[in-house]
Amino acid sequence: MCGIVGYIGRRPALPVVLDGLKRLEYRGYDSAGVAVTGNGRVGVTKTEGRIATLIEKLAREGAPETTVGIGHTRWATHGRPSDANAHPHTDCHGKVAVVHNGIIENYLVLRQRLKDRGHRFRSETDTEVIPHLIEEYYAGDLAEAARRASLELQGSYAFVVLRTDEPDRLVAVRKDSPLVVGLGQGENFLASDIPAILRYTRRVVILEDGDVVVLEREKVTLTGPDGRPVSREPYVVDWDVEAAEKGGYAHFMLKEIFEQPACLRQTLAGRLVAGGPRSPAETGIVFDTGVLDTERVAALSRFFITACGTAYHAGLVGKHLVERLARLPVEVDIASEFRYRDILMGRGDMLVVVSQSGETADTLAALREAGRRDSRTVAITNVVGSSVAREADEVIYTRAGPEIAVASTKAYTAQLLAFVLLAVHLGVARGTFPAGRAARLLEETRRLPSLAQEVLDGSQALRGLAEDLARWDDVFYIGRGLDWAVAMEGQLKLKEISYIHAEALAAGELKHGTLALIEEGVPVIAIATQPDLTEKTISNIREVKARGGRVTAVTLGANRGIADHADEVVWLPDIDPLLAPILAAIPLQLLAYYAAVTRGCDVDKPRNLAKSVTVE
């Protein structure tokens with residue numbers, strides 16, 4: 001996600017801020033900027049690209065000597081990467097500067113209201129409403145103006161603000177997006193993550209939702225959203241820098257697995273209409289206008305999905321969802337095969353391409369082929385301004401933030417959620433998914449972040465299972481329907497980071513060959529979250545058990561009967577079965593992770609693999 005750094009003290013601010021931003025580079029970003037106070041105005045320098053480019057620009061323009069400053073590295077969510085969209089953002093008169101992480105869901109309403117009052121906007125971002133709101137509320141107290149502005153914001157955010165009228169203080173507000181205060185002697189710090197300030201102090205205060213903090217050189221003042229003082233105990237960091245970058249986790253992959261509740265929340269942010277669908281024209285899902293306009297959706301004749309690797313497995317889940325809810329025939333292709341098929345596609349069809357990076361070569365080629373055939377195209381991607389985002393007719397951003405580990409985890413579950421939203425939108429618009437049913441399903445999606453956290457809270461129980469898996473050279477995954485699609489992703493995770501041979505198959509195919517490989521003790525992971533297929537899957541589990549295989553079932557809590565047939569059961573919270581693939585993916589990720597650790601593998605950088613495949 002984006003990075004924030006703030007400093008107030010006695011040493012020059014810019015070197016501290018820039019050093020902090022560099023220490024957050026591992027998080028990924030597309031632009032960077034800084035702001036300082038001086039000469040009655042806020043001095044802002046920002047640029048698309050890397051921090052090194054920002055430093056060169058500061059050297060050319062002559063950076064002011066100041067002891068108060070803020071900085072930001074941006075991962076775009078609203079507006080393409082550009083100088084204008086980079087942070088910090090200012091008010092109309094250049095007196096207020098703001099850096100912000102998160103998403104302001106109601107920014108369009110706020111932006112229009114502020115425009116009507118004469119405010120001038122210079123960017124496409126949601127962030128820019130914040131300095132203008134502070135400008136509206138400012139009456140001599142920056143903290144109070146920031147607090148009042150924050151009460152108008154819907155969504156998740158952490159923002160830091162400075163103002164020329166109050167040059168000896170920084171103010172910050174936090175809701176859902178992380179922010180920490182670093183405590184020093186005659187100086188204090190703000191950062192979105194501890195590594196940014198660990199060189200300067202190990203005493204930190206971790207802010208909580210609703211906290212408003214004022215930093216001065218000699219003191220830090222905390223109040224709640226009601227303006228009343230609050231107290232937070234400082235925490236002494238005993239990690240080294242590398243561990244701090246990973247948030248205290250042993251590997252980036254584990255950190256990213258545990259970030260999934262927040263990623264699901266971000267992917268949902270601003271997209272669900274209160275009360276659900278009201279009519280086919282108002283499906284309860286907010287997408288950008290364009291190829292997903294309800295009239296165009298209703299006229300679709302066929303639907304195609306293409307992707308590679310993990311994203312392809314997300315597409316398999318998408319196929320089931322779109323066919324079931326929108327009643328459209330769906331073809332799913334591996335992108336490297338799609339581009340060489342003489343595919344029957346044309347006007348009236350839609351292609352969805354899925355790519356975490358937005359730069360996957362085969363997926364991009366498939367997108368261009370669909371364009372040549374005059375088909376409508378939608379990209380599901382994590383990177384604003386990426387090639388597929390620029391070239392598709394419409395984009396659904398997953399907002400998972402950067403993934404450092406090669407094996408995709410949080411991007412995958414965010415892609416699944418994007419397909420849920422797309423399928424509901426298509427189904428309501430086409431009249432094939434009743435509005436009442438859609439409203440209930442969308443209400444269930446609101447529970448996903450907390451239920452994902454519930455699954456993660458039980459992660460330690462998976463260690464023993466994973467240690468047993470690590471002793472074997474072969475592991476099999478089975479499932480039916482949506483569960484088979486999830487099994488495909490589970491086996492990929494295991495083999496790409498633990499180097500164990502893993503195979504996934506539709507459970508009904510066992511007797512057509514693979515059952516010959518089942519012998520005493522061989523591990524079989526059976527995913528069984530779909531009630532209409534559970535009895536069939538139990539029959540396949542019995543086939544495995546009769547040959548001596550050891551079965552671990554992954555199922556919903558309501559399916560208690562499966563415990564009579566499996567050797568171990570991983571229980572998931574009960575949820576609508578259409579959403580179960582999102583929760584089922586998490587224990588499979590953890591099993592792969594712990595197995596790889598047990599085998600001593602390089603979890604974050606598995607051999608022979610790259611994060612983004614940009615060549616054929």
Side-chain angles (χ1 to χ4, degrees), residues 1-7 13-36 42-64 69-90 94 97-103 121-128 131 158-160 191-193 195-196 245 252 355-361 364 379 381-392 395 397-404 411 610-615:
M1 294 294 188
C2 307
I4 285 175
V5 180
Y7 174 76
L14 279 178
V16 176
V17 170
L18 291 168
D19 177 66
L21 294 180
K22 287 179 184 177
R23 295 175 187 277
L24 297 178
E25 282 191 292
Y26 69 93
R27 296 160 64 97
Y29 65 101
D30 51 55
S31 58
V34 293
V36 295
V42 173
V44 173
T45 306
K46 55 185 184 175
T47 182
E48 179 184 356
R50 314 306 292 174
I51 292 171
T53 306
L54 175 64
I55 293 172
E56 291 172 2
K57 190 171 184 179
L58 286 165
R60 288 195 307 271
E61 296 179 358
I70 58 177
H72 189 266
T73 50
R74 177 180 187 248
W75 175 272
T77 57
H78 292 73
R80 63 186 177 83
S82 68
D83 289 4
N85 290 331
H87 297 210
H89 292 285
T90 60
V98 169
V99 293
H100 158 243
N101 288 355
I103 294 172
F121 286 79
R122 304 178 183 88
S123 79
E124 304 167 282
T125 68
D126 55 336
T127 299
E128 198 178 357
F159 67 82
V160 183
S192 52
D193 210 351
E245 288 180 350
F252 281 111
S355 171
Q356 187 277 141
S357 68
E359 303 294 346
T360 310
L364 186 58
T381 186
N382 198 35
V383 183
V384 175
S386 60
S387 295
V388 301
R390 292 195 307 271
E391 297 189 30
V395 187
Y397 290 112
T398 51
R399 301 172 182 167
E403 275 190 330
I404 308 302
K611 183 62 180 171
S612 180
V613 183
T614 57
V615 295

Side chain N382, main chain T398, donor-acceptor under 3.5 Å: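 Here the side-chain-to-backbone pair does not exist.
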Test item: side-chain donor near acceptor, H100 and D126, under 3.5 Å: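 Result is no, nothing qualifies.
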Check: N85/T125 side-chain N/O donor and acceptor closer than 3.5 Å: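 Side-chain D/A pair, N85 to T125: absent.
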Any residue meeting side-chain contact (heavy atoms from CB on, under 4.5 Å) with A76, in chain and number order, not counting sequence neighbours: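 For A76 the side-chain contact (heavy atoms from CB on, under 4.5 Å) partners, ignoring immediate neighbours, are D30, R74, P81, V384.
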Those residues that, when tested against V17, pass side-chain contact (heavy atoms from CB on, under 4.5 Å) (two or more places apart):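 Checked V17 against side-chain contact (heavy atoms from CB on, under 4.5 Å); matches are V5, Y7, L21, V34.
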Rounded distance [0.5 Å steps], NE2 in H72 versus OG in S192: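 Answer for the NE2-OG pair, H72 versus S192, is 7.5 Å.
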Distance, nearest 0.5 Å, that separates CD1 of I4 from CZ of F159: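 So the gap between those two atoms works out to 10.0 Å.
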Please give me the minimum heavy-atom distance between [X] and [Y], naming the atom from each residue.
{"X": "S82", "Y": "S31", "result": "O-CB, 4.5 Å"}
{"X": "A97", "Y": "V42", "result": "CB-CG1, 3.4 Å"}
{"X": "G3", "Y": "L24", "result": "CA-CD1, 3.8 Å"}
{"X": "G69", "Y": "A13", "result": "N-CB, 3.7 Å"}

For D19, all residues meeting side chain to side chain donor-acceptor pair (under 3.5 Å), sequence neighbours excluded: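 Side chain to side chain donor-acceptor pair (under 3.5 Å) check on D19 returns R23, R199, Y200.
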Contacts of R390 that satisfy side chain to side chain donor-acceptor pair (under 3.5 Å) - sequence neighbours left out: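 If we apply the side chain to side chain donor-acceptor pair (under 3.5 Å) test to R390, skipping adjacent residues, the hits are S387.
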Test ring-ring contact (aromatic ring centres under 6.0 Å, His included) applied to H89 - qualifying residues, sequence neighbours left out: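 H87.
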Audit row: H78, E124, side chain to side chain contact (heavy atoms under 4.5 Å, CB included) steps and yes/no: CA-CA 6 Å; H78 292 73; E124 304 167 282; over 6 Å; no
Quick one, [X] and [Y] - any side-chain contact, counting heavy atoms below 4.5 Å?
{"X": "T381", "Y": "Y397", "value": "yes"}
{"X": "I55", "Y": "R60", "value": "no"}
{"X": "E128", "Y": "R122", "value": "yes"}

Only distances under 3.5 Å count here; give the side-chain donor-acceptor pairs of residues 45-54 to other protein atoms, sequence neighbours excluded, each with its distance to 0.1 Å.
from	atom 1	to	atom 2	distance (Å)
K46	NZ	A84	O	3.4
K46	NZ	A86	O	2.8
K46	NZ	P88	O	3.0
R50	NE	Y29	OH	3.4
R50	NH1	Y29	O	3.3

Partner of V388 under side chain to side chain contact (heavy atoms under 4.5 Å, CB included), chosen from T360, V395, L364: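 When T360, V395, L364 are each tested with V388, the side chain to side chain contact (heavy atoms under 4.5 Å, CB included) holds only for L364.
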